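All figures in this text were calculated on a predicted structure; none of them were measured in a lab. Labels below follow one simple rule: chain letters A, B, ... track the order of the sequence lines, proteins then strands, and each chain is numbered from 1.
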Amino acid sequence: MERVLSEQELLRRKSLVELKKLGVNPYPAEEYKVNTSTTKILNDFESKPEQFKQIKIAGRIMSRRIMGKASFAEIQDSFGKIQIYINRDEIAPSEDKTLYNEIFKKHLDIGDFIGVEGYVFKTQVGEISIHVLKLDVLSKSLKPLPIVKTDKDGKAHDAFTDAEQRYRQRYVDLIVNPKVKETFIKRTQLINSMREFFNKEGYLEVETPILQPIPGGAAARPFITHHNALNTELYLRIANELYLKRLIVGGFEGVYEFAKDFRNEGMDRTHNPEFTVMEIYVAYKDYKWMMNFTEEMLKEIATKVLGTTKVNFQGKVIDFEPPFARVPILDAIKEHTGVDVTQYDEPQLREKCKEIGLEVDETMGKAKLIDELFGEKCEHHYVQPTFIIDYPVEMSPLCKKHRDNPELTERFELMINGKELANAYTELNDPIDQLERFQDQLKLSEKGDDEAMFIDHDFVRALEYGMPPTSGMGIGIDRLVMLLTDNVSIQEVLFFPQMRPEKKAISLTDSEKQILEELKKSNPKDLGELKAAVGLSNKQWDKGMKGLSSHKLITVEVAGDNKTVHLKA
RNA sequence: GACUUGUUAGCUCAGCUGGUAGAGCACAUCCCUUUUAAGGAUGGGGUCCUGGGUUCGAACCCCAGACAAGUCACCA
């Protein structure tokens with residue numbers, strides 16, 4: 001179906017044609033060799049003006065101020081914006097002023113890519129600008145960009161803010177909202193500095209399968225897909241933990257992976273169906289070592305990305321300076337609810353939870369009750385980075401039992417701003433214990449717990465060959481980026497967050513279909529006859545006819561009093 | 001999945017009690033050679049999210065739906 005173009009889009013298409021008529025290729029193929037950038041000019045012009053006598057730069061036109069024979073415009077490259085000054089008689093020195101009067105003034109628009117050559121100077125108002133001597137069209141833009149104007153105080157006017165449009169058309173968001181671009185640059189810097197931190201230690205970055213026959217390593221509903229040649233179901237991974245541990249069995253002493261994981265669950269401000277997790281496993285270490293390692297890592301990342309360990313987040317200051325507090329989960333519960341979990345058996349604990357006002361039911365075991373107590377009553381207290389440690393064994397089927405207490409495990413979760421950021425274990429490497437824990441999970445799942453894990457027999461087999469004592473840690477990259485960039489929505493740190501598909505092409509309404517049916521029987525047809533034949537109400541007829549002509553399916557020919565409707569092929 | 005709010009020009013938004021659809025920016029034409037959220041004058045631009053209903057008459061009221069945001073539920 002033909003697209004309806006707006007007035008501005010039609011004008012730009014006309015300009016495109018005009019440019020071609022004037023011998024200008026609006027989409028040239030040749031390389032355009034720039035020799036500087038907007039930031040280089042803005043940073044270095046004052047101190048080394050001699051370096052900017054002959055510059056060549058390319059970018060997108062972001063604003064234009066035309067004043068007779070002279071004009072100002074701003075062009076934007078990947079670093080920022082700079083003003084350019086264009087004088088008619090300098091870019092078109094001969095009698096022929098077409099380049100200025102026609103090409104620049106009439107047929108170039110905001111959004112077009114141009115290349116300019118010239119020299120840098122300072123205007124009377126004191127703005128570093130480029131005095132243009134030569135101008136080339138590099139790419140014509142056919143859709144008008146939203147115009148965001150920034151005043152002297154740096155305040156944006158008419159900013160492009162509609163979340164739906166910003167996420168669906170992230171390319172536009174990136175062009176007009178510099179803060180958005182900054183967020184994504186920081187995201188990459190964060191990942192790079194984390195990677196450097198691991199590589200410096202000699203750990204090996206690896207890749208493990210995304211398509212897995214058994215979705216293991218976490219409790220979550222997976223996406224299911226089908227492999228035709230193998231005629232088997234495969235799952236998009238919900239975690240990569242069990243594969244990384246297989247590599248530790250295989251003899252690597254430190255492996256890590258930045259992994260896209262997939263979970264077929266609800267979406268909200270902190271959950272996207274695909275998200276990024278970094279998992280690392282290091283042999284001969286325990287969770288205490290991992291806490292120190294994690295602290296150091298976060299300190300270094302914050303320092304490299306932001307230049308400080310003190311992070312502003314939603315008006316709070318979060319300090320990544322080690323050491324972080326270490327609080328056993330049962331102590332945390334005691335502190336914030338007064339409930340000493342160790343004093344109660346399961347039914348008593350359930351009663352206690354009810355007293356505090358938690359919603360609990362009979363299917364919830366002790367582990368789940370503890371989880372609930374912590375999640376509802378304690379979690380939000382931990383704004384500054386805090387390791388919550390020593391979780392009950394039922395909650396952690398892949399984690400080694402605590403060296404001092406078999407009811408607990410050697411596990412920590414790193415809480416920041418009241419949310420979990422990282423999760424780590426002294427890994428369970430006893431194959432017999434591991435199989436039993438899997439079997440316990442199976443029992444839970446038979447009881448109807450849909451969070452319970454599958455048994456991965458190959459993983460148990462790997463453990464039977466022997467896995468060295470190992471500590472592993474997983475950290476949510478998207479959430480870390482959110483913290484460091486002061487964003488509360490995961491969509492703000494993903495280039496292309498998941499959205500429902502956009503509306504399909506408009507389908508015809510019933511009245512439009514009726515009119516079309518009649519018209520197909522005899523085409524063309526007199527308008528009055530057609531109306532009588534269809535037998536629609538005035539309103540429906542009017543709507544139907546308007547709809548059809550706007551879809552360009554019919555035309556109405558008027559000859560005096562005779563109106564004839566034509567069906568287009 | 002439930003609830004709340006929203007959807008009007010390319011963008012940001014007004015639109016009263018149901019009575020001819022508005023502003024700023026952008027766009028077009030004209031004036032202007034160092035301007036800057038440039039300015040002045042004039043002008044064009046609309047599937048008021050979609051479909052139904054009520055009404056003499058719907059952007060507005062009612063019903064159903066789409067999409068989004070937020071809250072909750074579910075879920076690390």
Side-chain angles (χ1 to χ4, degrees), chain A residues 4-12 14-15 63-74 81 83-90 100 105-106 109-111 121-127 129 131 141-169 172 176 217-221 238-239 261 263-271 273 275 277 359 371 375 379 395 413 419-423 450-451 474 476 478-479 488-489 491 497 499-504 506-512 539-540 543 546-547 549-551:
Chain A
V4 183
L5 295 174
S6 70
E7 184 192 33
Q8 290 192 43
E9 287 175 295
L10 289 170
L11 277 164
R12 283 173 180 237
K14 213 173 120 198
S15 286
S63 67
R64 298 199 307 160
R65 294 182 283 281
I66 294 170
M67 306 169 301
K69 288 174 227 160
S71 295
F72 287 91
E74 278 177 301
K81 283 186 216 174
Q83 178 169 265
I84 63 173
Y85 170 77
I86 299 176
N87 184 300
R88 184 189 72 187
D89 298 324
E90 288 184 89
Y100 184 79
K105 273 171 70 173
K106 292 201 174 151
D109 294 287
I110 290 173
F121 75 113
K122 218 170 175 181
T123 65
Q124 290 180 352
V125 193
E127 181 162 348
S129 309
H131 195 122
S141 155
L142 297 182
K143 282 182 92 68
L145 279 175
I147 305 297
V148 180
K149 294 205 170 188
T150 311
D151 64 22
K152 287 168 218 148
D153 308 324
K155 207 177 132 205
H157 296 258
D158 298 333
F160 180 61
T161 52
D162 182 75
E164 180 170 3
Q165 293 202 74
R166 287 183 47 235
Y167 301 153
R168 285 198 200 277
Q169 301 185 53
V172 176
V176 303
R221 266 164 45 211
I238 56 173
D261 287 349
R263 297 187 183 177
N264 204 342
E265 287 163 355
M267 295 161 55
D268 59 32
R269 280 198 312 175
T270 52
H271 296 84
F275 59 102
V277 172
E359 281 184 33
D371 199 23
E379 206 172 55
M395 294 167 69
E413 288 196 349
K419 307 235 167 61
E420 179 210 338
L421 183 74
N423 182 23
D450 53 3
E451 291 177 34
D478 308 299
R479 290 183 186 181
V488 291
S489 166
Q491 291 153 306
M499 303 282 272
R500 273 180 211 271
E502 284 185 80
K503 260 182 257 178
K504 287 175 246 161
I506 319 143
S507 55
L508 296 182
T509 64
D510 285 345
S511 37
E512 287 168 2
K539 189 172 176 177
Q540 289 300 331
K543 276 205 168 185
K546 277 182 182 158
S549 45
S550 81
H551 294 151

Please state how far atom [atom1] in [X] lies from atom [atom2] in [N], giving the value in whole angstrom units.
| X | N | atom1 | atom2 | result |
| --- | --- | --- | --- | --- |
| A:Glu164 | B:rA68 | CD | C1' | 5 Å |
| A:Arg64 | B:rG39 | CZ | P | 15 Å |
| A:Asp162 | B:rA9 | CG | C1' | 15 Å |
| A:Leu145 | B:rU12 | CG | P | 13 Å |
| A:Ile84 | B:rU35 | CD1 | C1' | 13 Å |
| A:Gln165 | B:rG6 | CD | P | 18 Å |
| A:Glu9 | B:rG46 | CD | P | 12 Å |
| A:Lys143 | B:rC11 | NZ | C1' | 13 Å |

Looking for any heavy atom pair under 4.0 Å, which part of the strands does [X] touch: base, sugar-phosphate only, or nothing?
| X | answer |
| --- | --- |
| A:Gln491 | sugar-phosphate |
| A:Arg263 | sugar-phosphate |
| A:Glu74 | nothing |
| A:Ala159 | sugar-phosphate |
| A:Tyr167 | sugar-phosphate |
| A:Thr270 | nothing |
| A:Arg168 | sugar-phosphate |
| A:Ile66 | base |

side-chain N/O A:Arg65 vs B:rU35 OP1/OP2, d < 4.0 Å: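 Checking B:rU35 against A:Arg65, no side-chain N or O comes under 4.0 Å of OP1 or OP2.
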A:Arg269 side chain near B:rU71 phosphate (N/O to OP1/OP2, under 4.0 Å):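 Checking A:Arg269 against B:rU71: at least one side-chain N or O falls below 4.0 Å of OP1 or OP2.
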Of the options [options], whose atoms approach the side-chain atoms of [X] most closely?
| X | options | result |
| --- | --- | --- |
| A:Glu7 | B:rC27, B:rG44, B:rU34 | B:rG44 |
| A:Gln83 | B:rC13, B:rU35, B:rA28 | B:rU35 |
| A:Met67 | B:rA37, B:rC32, B:rA69 | B:rC32 |
| A:Lys149 | B:rU34, B:rC67, B:rA26 | B:rA26 |
| A:Ala70 | B:rU33, B:rA37, B:rU34 | B:rU33 |
| A:Pro144 | B:rA28, B:rA37, B:rG10 | B:rG10 |
| A:Asp151 | B:rU35, B:rC13, B:rA37 | B:rA37 |

May I ask you to test the [X]-[Y] pair for a side-chain heavy-atom distance under 4.5 Å?
| X | Y | answer |
| --- | --- | --- |
| A:Thr123 | A:Gln83 | yes |
| A:Val488 | A:Arg269 | yes |
| A:Pro144 | A:Asp109 | no |
| A:Phe275 | A:Arg479 | no |
| A:Ser15 | A:Lys106 | no |
| A:Gln491 | A:Arg166 | no |

Separation of the [atom1] atoms in [N] and [M], to the nearest angstrom:
| N | M | atom1 | result |
| --- | --- | --- | --- |
| B:rG57 | B:rC67 | P | 32 Å |
| B:rC25 | B:rG40 | P | 8 Å |
| B:rU29 | B:rG44 | C1' | 10 Å |
| B:rA59 | B:rA9 | P | 14 Å |
| B:rU8 | B:rC49 | C1' | 10 Å |
| B:rC60 | B:rU7 | P | 12 Å |
| B:rG18 | B:rU55 | C1' | 9 Å |
| B:rA26 | B:rA38 | C1' | 15 Å |

Nearest-nucleotide 5' precedence on RNA chain B, A:Lys106 against A:Arg500: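 Checking each residue's closest nucleotide, the 5'-ward one belongs to A:Lys106.
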Nearest-nucleotide comparison on RNA chain B, the residue closer to the 5′ end among A:Glu420 and A:Thr150: A:Thr150
Basic-acidic side-chain contact under 4.0 Å: A:Lys419, A:Glu379: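 A:Glu379 and A:Lys419: not salt-bridged.
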For [N], which nucleotide is its Watson-Crick or G-U wobble mate, given both distances must be under 3.5 Å?
| N | value |
| --- | --- |
| B:rC72 | B:rG1 |
| B:rA64 | B:rU50 |
| B:rG57 | none |
| B:rU36 | none |
| B:rU42 | B:rA28 |

Gap between atom NE2 of A:His131 and atom CD1 of A:Ile86 - 0.5 Å precision: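 If we round to the nearest 0.5 Å, A:Ile86:CD1 and A:His131:NE2 are 10.0 Å apart.
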Flag, side chain of A:Arg65 to backbone of A:Phe72, donor-acceptor distance under 3.5 Å: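 Not a single qualifying donor-acceptor pair exists.
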Check: A:Tyr85 side chain, B:rU35 base, donor-acceptor under 3.5 Å: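 By the distance-only test, no, there is no pair.
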Distance-only donor-acceptor test (3.5 Å): side chain A:Gln8, base B:rA26: yes
